[in-house]
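What's counted below: heavy atoms across the whole structure, side chains too, no hydrogens, waters or symmetry copies.
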Amino acid sequence: MATTKSGTHGAKHTLCRRIGFCLWGMPNCPTNTRTIKTRDGGDGTSTPKAYPAGQHGPTKRRVKLSTYGQLLLEKQKLKTFYDLSEHQLTFIYRNSKRGLGNTGDKLLANLEMRLVSVVYRSGLAPTIFAARQVVSHRHILVNGKVCDRASLRLKPGDVLTINEQHSPMIAKIAKDSAATLPPYLEKDANDKCKVTVLREPLTEEIRVDVSIIKVIEYYNLH
């Protein structure tokens, strides 16, 4: 089984199982009922695993989190959603805290404008994990130049493309994508492998099931 920075495919959904739903809305998440192959080669239906992983997960009672536990959980959800390490999220938070403006709004905007996030949101890759691989394997061009820095902070006017001749399979995935683009991104009507960053995102346009206020409160305690 292929691995990524976040571990194996199953490990990506460990937090989803703990909170009872998929952070990214993926249909193949263990928290969802889905079609699986049976031992005899037929099709079967899985049992949703909307409970913590481990031997006692199915019978373990969900305890009420302390105030600190709630803050920590929201921070973990944000980190997991964007496929970040602890160091990366802390670094982005500290940068967001500088200057004028609401720290939470700037934190979300900085996370959304990372190259890997835009590749994911635009449908150039089907998941945040696939987006990281597509970028690191040098399939994405930013303003006509190859860029393998997932953390690159994009700005309005930047254009992302995929070279169909060099990356035909990646280009096909992008063309077949049914992703709904947020209003701050635009996909070329004649070239499904070309995405333009129109502007900075508004907080209410960012689709992530996290209480950013609690994330800020968590960091204020440290």
Side-chain angles (χ1 to χ4, degrees), residues 4-6 22-27 78-85 88-89 91-93 95-210 212 215:
T4 67
K5 181 180 72 66
S6 295
C22 185
L23 286 167
W24 308 275
M26 295 181 186
L78 188 68
K79 184 183 79 168
T80 303
F81 182 87
Y82 286 102
D83 191 30
L84 298 167
S85 67
Q88 287 174 320
L89 181 55
F91 178 79
I92 297 170
Y93 163 75
N95 280 343
S96 303
K97 195 175 179 181
R98 298 170 182 164
L100 301 175
N102 181 279
T103 300
D105 293 347
K106 290 191 292 182
L107 174 59
L108 282 175
N110 285 334
L111 290 170
E112 281 293 303
M113 287 294 96
R114 298 174 84 238
L115 175 57
V116 65
S117 299
V118 173
V119 170
Y120 166 50
R121 293 294 199 187
S122 65
L124 294 181
T127 67
I128 191 71
F129 312 106
R132 182 177 293 279
Q133 288 192 326
V134 166
V135 172
S136 64
H137 291 168
R138 301 172 63 84
H139 293 294
I140 299 296
L141 286 75
V142 178
N143 300 326
K145 297 181 180 180
V146 173
C147 182
D148 58 4
R149 282 181 53 212
S151 62
L152 177 68
R153 214 289 190 183
L154 299 178
K155 58 185 182 298
D158 283 343
V159 178
L160 279 61
T161 54
I162 298 174
N163 188 316
E164 291 191 59
Q165 292 184 330
H166 293 166
S167 311
M169 292 187 66
I170 304 299
K172 185 179 186 307
I173 291 173
K175 288 181 176 181
D176 293 342
S177 172
T180 301
L181 269 68
Y184 47 91
L185 301 178
E186 182 181 67
K187 184 173 284 189
D188 192 304
N190 299 315
D191 184 357
K192 299 298 183 182
C193 295
K194 181 179 180 181
V195 174
T196 301
V197 178
L198 298 177
R199 56 175 171 78
E200 293 282 323
L202 302 176
T203 303
E204 57 268 24
E205 296 172 336
I206 299 174
R207 306 188 305 271
V208 55
D209 193 358
V210 174
I212 198 65
V215 175

**Complete:** With Glu164 as partner, the option from Lys194, Lys175, Lys172 fulfilling salt bridge (Lys or Arg N to Asp or Glu O under 4.0 Å) is Lys175
**Prompt:** Within a reach of under 6.0 Å around CD of Gln165, are more than 12 heavy atoms found that belong to other residues, nucleotides or ligands?
**Reply:** no
**Any Leu107 side-chain heavy atom under 4.5 Å of Leu78 side chain** = yes
**Item:** Donor-acceptor under 3.5 Å (Asn143 side chain, Val159 main chain)
**Value:** yes
**Message:** Do Arg207 and Arg121 make a side-chain contact, defined as non-hydrogen atoms from C-beta onward lying under 4.5 Å apart?
**Reply:** yes
**Asked** Rounded to the nearest 0.5 Å, how far apart are OG1 of Thr161 and CG of Asp191?
**Response** 8.0 Å
**Request:** Search all heavy atoms of Ala131 against all heavy atoms of Val116 and return the closest pair with its distance.
**Result:** CB-O, 3.5 Å
**Message:** If you compare all heavy atoms of Lys106 against all heavy atoms of Leu100, which two are closest, and at what distance to 0.1 Å?
**Reply:** NZ-O, 2.9 Å
**Asked** Which pair of non-hydrogen atoms, one from Ala125 and one from Val134, has the smallest distance, and what is that distance?
**Response** CB-CG2, 4.3 Å
**Asked** Is any side-chain heavy atom of Leu111 closer than 4.5 Å to a side-chain heavy atom of Leu84?
**Response** yes
**Request:** Could you pull out the closest heavy-atom pair between Ala174 and Ile162, with the gap in Å?
**Result:** CB-CD1, 4.0 Å
**Message:** Quick check: do Glu112 and Tyr184 have side-chain heavy atoms less than 4.5 Å from each other?
**Reply:** yes
**Message:** Would you compute the distance between atom OG1 of Thr127 and atom CD of Gln133 and round it to the nearest 0.5 angstrom?
**Reply:** 8.0 Å
**Message:** Could you check whether any side-chain heavy atom of Leu185 comes within less than 4.5 Å of a side-chain heavy atom of Val197, counting everything from C-beta outward?
**Reply:** yes
**Message:** What verdict does the side-chain contact (heavy atoms from CB on, under 4.5 Å) test give for Leu115 and Leu160, after you've listed the backbone C-alpha separation in whole Å, the side-chain angles of each residue and the deciding distance to 0.1 Å?
**Reply:** CA-CA 9 Å; Leu115 175 57; Leu160 279 61; 3.6 Å; yes
**Contact check, side chains of Ile92 and Arg114, non-hydrogen atoms, under 4.5 Å** = yes
**Message:** Would you say that Met113 contacts Val118 through its side chain, given a criterion of any heavy-atom pair below 4.5 Å between the two side chains?
**Reply:** yes
**Asked** So, for Leu198 and Pro183, which heavy atoms are closest and what is the spacing to 0.1 Å?
**Response** CD1-O, 3.6 Å
**Message:** Show the nearest heavy-atom pair for residues Gly104 and Ile212, with the distance to one decimal.
**Reply:** O-CG1, 3.8 Å
**Request:** Check whether any side-chain heavy atom of Arg153 lies under 4.5 Å from a side-chain heavy atom of Asn110, and answer yes or no.
**Result:** yes
**Request:** Mark yes or no for whether Lys187, through its side chain, and Ser122, through its backbone, hold a donor-acceptor pair below 3.5 Å.
**Result:** yes
